[in-house]
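Computed from a predicted model, the values in this text were never measured in an experiment. Residue numbers start from 1 in every chain, and the chains themselves are labelled A, B, ... in the order their sequence lines are given, proteins ahead of strands.
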Protein chains: 2
Amino acid sequence: MKPSVPNIRQVAEYAGVSVGTVSNVLNRPDLVAPSTRERVQAAIKELNFVRNDSARQLRAGRSRTLGLVVLDISNPFFTDVARGVEEIANHNGLAVIVCNSDDDTEKESSHLDLLNEMRVQGVLINPIEGSDKKIEMLREHGTPVVLFDRQAASEGECSVAVNDLLGGRQALTHLIDTGHQRVLFLSGPFHLRQVQERHEGAVAAVEASSTPLDLDVMTTPTPNVTTGRSAGDRIAAMPPSTRPTAVFCANDLLALGLLQALTHAGLQVPHDIAIVGYDDIDFAAAAAVPLSSVRQPRQQLGRTGAELLLDETTNPDHEHQQVTFEPELIVRRSSDLQRS
Amino acid sequence: MKPSVPNIRQVAEYAGVSVGTVSNVLNRPDLVAPSTRERVQAAIKELNFVRNDSARQLRAGRSRTLGLVVLDISNPFFTDVARGVEEIANHNGLAVIVCNSDDDTEKESSHLDLLNEMRVQGVLINPIEGSDKKIEMLREHGTPVVLFDRQAASEGECSVAVNDLLGGRQALTHLIDTGHQRVLFLSGPFHLRQVQERHEGAVAAVEASSTPLDLDVMTTPTPNVTTGRSAGDRIAAMPPSTRPTAVFCANDLLALGLLQALTHAGLQVPHDIAIVGYDDIDFAAAAAVPLSSVRQPRQQLGRTGAELLLDETTNPDHEHQQVTFEPELIVRRSSDLQRS
DNA sequence: ACCAGCTAATGAAACGTTTCATACAACCTA
DNA sequence: TAGGTTGTATGAAACGTTTCATTAGCTGGT
């Protein structure tokens with residue numbers, strides 16, 4: 001059987017109507033008399049007609065897809081966000097193109113080019129430092145862009161974010177309160193705004209405290225489980241006298257890897273070293289030692305982002321908004337000596 | 001600044017050449033004299049021209065995207081597969097549209113409709129039972145479909161899968177060898193082929209064994225961490241005399257939830273109950289008690305699937321293949337009394 | 001001086017929709 | 001009966017590319 005792809009003209013012919021009428025049946029059925037409508041619908045079914053979206057969007061000017069660019073699709077934090085986006089998008093008959101930038105400017109750039117060529121309705125992006133020009137370019141072409149997990153720099157754009165400064169402060173305040181004096185910030189690359197701000201928040205908490213506290217930083221190239229593990233190996237190898245008594249991790253993947261390496265090296269969490277993660281992904285609670293973590297409203301982030309984007313595309317008097325959610329520290333065993 | 005979207009004609013005018021020449025610069029630069037080529041490229045840059053993909057694909061007949069339909073994007077197993085697919089796709093200048101079916105026929109169906117309208121190059125799908133008609137329809141429209149994580153029913157289609165029967169057998173053989181006599185299969189919905197076959201493999205192992213063994217089944221509606229937790233609550237509530245001594249889970253999410261609930265209820269893993277999961281996602285090794293699990297070559301699955309799909313779209317004498325990988329049981333503490 | 005064989009560039013047709021101005025009835029109203 | 005109104009269907013233009021047959025301008029060989 002040959003791949004038969006009938007077009008709207010053939011449907012029209014088969015049903016004995018004009019092309020315009022078929023289009024009307026498809027797009028504004030109420031403009032068509034019931035009897036003709038049925039005839040056309042029967043023809044569509046009979047011929048197995050499927051509308052060609054390229055042609056439709058060529059005419060319409062825009063496609064029916066949303067672009068979502070994330071740093072790391074393997075990170076459950078981002079899949080949760082993606083779910084939120086998808087929920088809203090599907091609800092409005094839109095598809096989502098998920099792109100993975102892997103914290104690589106080149107990749108991000110080529111993804112954005114592709115999305116631009118596709119004339120997507122809009123783009124939701126967790127931008128890497130320095131991708132502002134590309135984003136500006138998209139905007140100039142009439143594609144709205146909403147920043148997520150990153151506060152907008154100006155009021156001229158939409159963003160959804162979570163207060164990372166506060167999150168960092170919450171984590172460190174907790175560690176200070178539980179008596180730690182040598183804390184390590186296990187960081188991702190500092191060009192990520194999230195990382196910077198979580199660190200900044202941590203520093204602020206230290207400065208606000210009356211008790212003295214050493215806050216060191218160990219940087220990893222990519223914040224995932226594997227790098228967390230090797231950081232853990234290095235930390236475990238430190239002499240107990242200089243080793244940190246608590247580690248605040250830039251995300252939960254690092255924290256999980258760290259936890260695994262420390263345990264493997266025979267160190268007790270939280271007795272020897274306490275750990276606080278970030279994101280509170282589902283796996284944090286299921287970890288070897290249930291992980292304290294700064295919770296972010298993940299799906300909510302995605303939903304709100306998608307809603308802002310849709311509003312910007314459809315609402316003529318859209319007003320740019322910078323939405324910020326508050327994080328919440330969830331204390332579990334990994335940082336709670338009492339409980340363990 | 002108004003959203004200015006120049007088209008190829010304006011570029012041609014600006015550069016003082018014909019439309020066809022601009023198109024040639026874009027698609028077959030070697031056919032164009034260097035001096036003109038440069039002039040056109042300058043014009044493109046100057047005007048900020050971005051090719052309109054709808055128009056391009058309307059002419060070309062097919063889009064430059066691949067569709068990937070997965071059961072649950074929150075499951076790291078699937079994101080790893082997605083990474084593999086993306087890797088190959090991006091390498092060939094294609095974008096990937098990731099769709100989440102959530103094990104819901106309606107959702108799957110509407111995703112497939114959308115992909116069909118988009119005239120994607122091909123679809124990689126982990127199909128739900130009973131979606132064969134829709135898939136057949138896509139094929140009739142000339143869209144190749146490759147099944148993944150599911151053996152093709154006939155030789156008339158491509159598929160990449162992992163031998164689930166073998167995986168189930170490996171898990172149970174291991175539990176039999178370590179002396180268990182009351183084992184529970186903590187299952188996902190049985191309409192999923194994967195679930196069926198893992199169970200079948202487990203049964204086969206029991207039948208092949210000389211020692212008697214009870215193999216019960218507990219079914220969950222969706223195999224995720226949450227349902228795993230509630231299953232764990234139920235299991236923990238059973239009297240020790242009838243309670244299973246080992247649980248084989250249909251995937252790692254169930255296993256992680258289960259582990260968490262059992263630990264919370266004060267039961268020791270593996271002493272009171274041993275656990276074996278499936279997929280060996282990265283978090284399995286990082287769990288409260290490192291999880292034994294049947295490992296699948298996740299990224300490989302995605303890569304191979306994408307490659308088959310591309311071959312089917314581009315190679316005129318493509319031959320359908322049914323690729324099957326072998327799983328491998330990774331034993332960790334959750335099922336190893338010796339080690340703990 | 002003529003033709004053959006190149007390389008470059010051109011212009012128009014085609015892809016499959018949607019949209020919009022128009023046409024035709026049929027029905028009402030004055 | 002003329003003029004408006006409403007409901008339905010039509011046909012052609014337009015969207016922005018790619019493709020392909022054609023032409024134009026050279027070079028070199030006879």
Min side-chain heavy-atom separation Ile73(B)-Val98(A) under 4.5 Å: no
What do the steps show when you test Arg193(B) against Asp149(B) for salt bridge (charged side-chain N to carboxylate O under 4.0 Å, His left out), and what is the final call? CA-CA 9 Å; Arg193(B) 190 72 67 97; Asp149(B) 207 25; over 6 Å; no
Integer-rounded Å distance: dG16(C) C1' and Asn116(B) CG: 15 Å
Are Glu86(A) and Leu68(A) close enough that some pair of their side-chain heavy atoms sits under 4.5 Å apart? no
Could you report the tightest heavy-atom contact between Gln299(B) and Asp80(B), atom names first, then the distance? CG-O, 3.6 Å
Between Ser109(A) and Thr105(A), is there a donor-acceptor pair closer than 3.5 Å when you use the side chain of the first and the backbone of the second? no
Output the rounded distance in Å from CZ (Arg64(A)) to C1' (dT17(C)). 12 Å
Could you tell me how far apart Asp53(B) (CG) and dT17(C) (P) are, to the nearest whole angstrom? 17 Å
For Gln57(B) and dT19(D), what is the distance between atoms CD and P respectively, to the nearest whole Å? 13 Å
Smallest heavy-atom separation, Ala152(A) atom then Gln322(A) atom, equals CB-CG, 3.8 Å
Presence of Arg51(A) side-chain N/O under 4.0 Å of dT18(C) phosphate oxygens OP1/OP2: yes
Atom-to-atom span, NE2 of His141(A) to P of dG16(D) - whole angstrom: 13 Å
Select base, sugar-phosphate, or nothing to describe what Asn27(B) touches, counting heavy atoms under 4.0 Å on all strands. sugar-phosphate
Between Arg83(B) and Ser74(A), does any side-chain donor sit less than 3.5 Å from a side-chain acceptor? yes
What is the distance, rounded to the nearest whole Å, between atom CD of Glu117(B) and atom C1' of dT17(C)? 12 Å
List, one per line, each side-chain donor-acceptor pair under 3.5 Å for residues 121-129 of chain B, sequence neighbours excluded.
from: Gln121(B); atom 1: NE2; to: Ser63(B); atom 2: O; distance (Å): 3.1
from: Asn126(B); atom 1: OD1; to: Gln194(B); atom 2: NE2; distance (Å): 3.1
from: Asn126(B); atom 1: ND2; to: Phe148(B); atom 2: O; distance (Å): 3.4

Which nucleotides of nucleotides 5-15 of chain D have their base under 4.0 Å from a protein heavy atom (B), which only their sugar-phosphate (S), and which neither (-), written as one string 5' to 3'? ---SSB--BBB
Contact summary for Arg62(B) and Val120(B), nearest pair of heavy atoms: NH1-O, 2.7 Å
When rounded to whole Å, the CD1 to P distance for the pair Ile8(A) and dT19(C) reads 11 Å
Take the C1' atoms of the five end pairs on each side of the helix from dA1(C)-dT30(D) to dA30(C)-dT1(D), derive the two axes, and give their angle rounded to 10 degrees. 60°
